[in-house]
Amino acid sequence: MMNADTASAALGIEPTELGEGRAVCRMTVTRQMINGHDICHGGYVFLLADTAFACACNSRGPVTVAAGAEIAFVSPARLGDVLVAEAAERTRFGRSGIYDVTVRRQEDGQVVAEFRGRSRELK
């Protein structure tokens, strides 16, 4: 899946750990990701979390997509910060699942965002 993900690749997002029901992805905040408040635009933080979520929920094989997601922004990310998103499966039921993703600054471990995604396997 990640080999065909040109959106994540264009932002330099790389998976660093992959396992059954879990994934860790990393991204460095670049100048193009900075908004008018001189912090990382939330859409990029969401995209990083969503990529980790996608890796985790597709780890078992069946093609799985997002059925919905929400994010809480906790603290800002700034130019040059390395962000790490860690996704973990909470539960699977039928063709659905729930996954939590925590995005942290690699440098100090500060939480940047908490993301919850709902997945759905395609048939």
Side-chain angles (χ1 to χ4, degrees):
M1 177 195 75
M2 285 300 291
N3 291 337
D5 186 345
T6 57
S8 295
L11 296 175
I13 295 173
E14 58 181 334
T16 59
E17 295 177 39
L18 299 171
E20 201 165 286
R22 60 177 300 283
V24 178
C25 293
R26 180 176 53 216
M27 175 185 83
T28 301
V29 177
T30 65
R31 170 70 50 208
Q32 293 76 23
M33 298 175 186
I34 299 301
N35 67 19
H37 297 293
D38 202 32
I39 59 175
C40 184
H41 189 290
Y44 291 106
V45 176
F46 187 98
L47 197 148
L48 172 63
D50 188 51
T51 298
F53 162 55
C55 288
C57 69
N58 279 280
S59 65
R60 299 182 190 280
V63 175
T64 305
V65 297
E70 62 183 70
I71 194 165
F73 298 108
V74 177
S75 63
R78 302 192 184 281
L79 179 63
D81 285 350
V82 176
L83 302 181
V84 177
E86 185 170 351
E89 180 180 275
R90 294 300 174 222
T91 189
R92 290 175 57 216
F93 49 100
R95 292 174 32 216
S96 300
I98 297 173
Y99 295 77
D100 287 336
V101 183
T102 299
V103 178
R104 289 185 172 87
R105 274 196 304 273
Q106 180 174 287
E107 296 80 5
D108 61 6
Q110 174 66 44
V111 173
V112 171
E114 293 287 349
F115 171 107
R116 174 158 276 192
R118 297 177 309 282
S119 68
R120 183 75 173 170
E121 288 179 15
L122 300 181
K123 290 269 178 166

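Keep in mind it's a predicted model, so treat the numbers as computed, not measured.
Looking only at side-chain heavy atoms (C-beta outward), Leu47 and Ile13 come within less than 4.5 Å of each other. Put simply, the side chain of Ile98 reaches to within 4.5 Å of the side chain of Arg116, judged on heavy atoms.
Pairs passing the side-chain hydrogen bond (donor to acceptor under 3.5 Å, both in side chains) check and including a residue from residues 36-57, sequence neighbours excluded, read Ser8-Thr51. Counting only residues at least two apart or on different chains, no side-chain hydrogen bond (donor to acceptor under 3.5 Å, both in side chains) pair has a member in residues 72-87.
Each of Thr102, Val74, Val45 was compared with Val112 under the side chain to side chain contact (heavy atoms under 4.5 Å, CB included) criterion, and only Val45 meets it. Under the side-chain hydrogen bond (donor to acceptor under 3.5 Å, both in side chains) rule, Asp108 has a single partner from Gln110, Arg105, Gln106, which is Arg105.
In the hydrophobic cluster analysis, where Ile, Leu, Val, Met, Phe, Trp and Tyr join through side-chain heavy atoms closer than 4.5 angstrom, Val29 is grouped together with Ile71. No chain of hydrophobic side-chain contacts below 4.5 Å, direct or via other Ile, Leu, Val, Met, Phe, Trp or Tyr residues, connects Ile39 to Met33. Hydrophobic clustering, with ILVMFWY side chains joined whenever heavy atoms are under 4.5 angstrom apart, groups Phe73 together with Leu83.
Between the CD atom of Glu14 and the CG atom of Leu48 there is a distance of 10.5 Å, given to the nearest 0.5 Å. From Thr28, atom OG1 reaches atom CG of Leu11 across 11.0 Å, with rounding to the nearest 0.5 Å.
Among all heavy-atom pairs drawn from Leu79 and Ile34, the shortest one is N-CD1, 3.6 Å. Contact between Cys25 and Pro15 at its shortest, heavy atoms only, is SG-CA, 3.9 Å. Here the shortest heavy-atom pairing between Ala52 and Ala87 reads O-CB, 3.5 Å. Looking at every heavy atom in both residues, Arg120 comes nearest to Ser96 through NH1-OG, 3.1 Å. For the residue pair Tyr99 and Ser119, the shortest heavy atom distance occurs at CE1-OG, 3.4 Å.
A donor-acceptor pair is defined here as one N or O able to donate and one able to accept, closer than 3.5 Å; such a pair exists between the side chain of Arg95 and the backbone of Glu121. Listed for the Arg26 side chain is no donor-acceptor partner under 3.5 Å among the backbone atoms of Gly12.
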Run the side-chain donor-acceptor check on residues 55-69: report pairs under 3.5 Å with partners two or more places apart or on a different chain.
from, atom 1, to, atom 2, distance (Å)
Asn58, OD1, Thr64, N, 2.8
Asn58, ND2, Ala54, O, 2.9
Asn58, ND2, Thr64, O, 3.0
Ser59, OG, Gly19, O, 3.4
Ser59, OG, Gly21, N, 2.7
Ser59, OG, Ala56, O, 2.7
Arg60, NE, Glu89, OE1, 3.1
Arg60, NH1, Glu20, OE2, 2.6
Arg60, NH2, Glu89, OE1, 3.2
Arg60, NH2, Glu89, OE2, 2.7
Thr64, OG1, Cys57, O, 3.4
Thr64, OG1, Pro62, O, 3.0

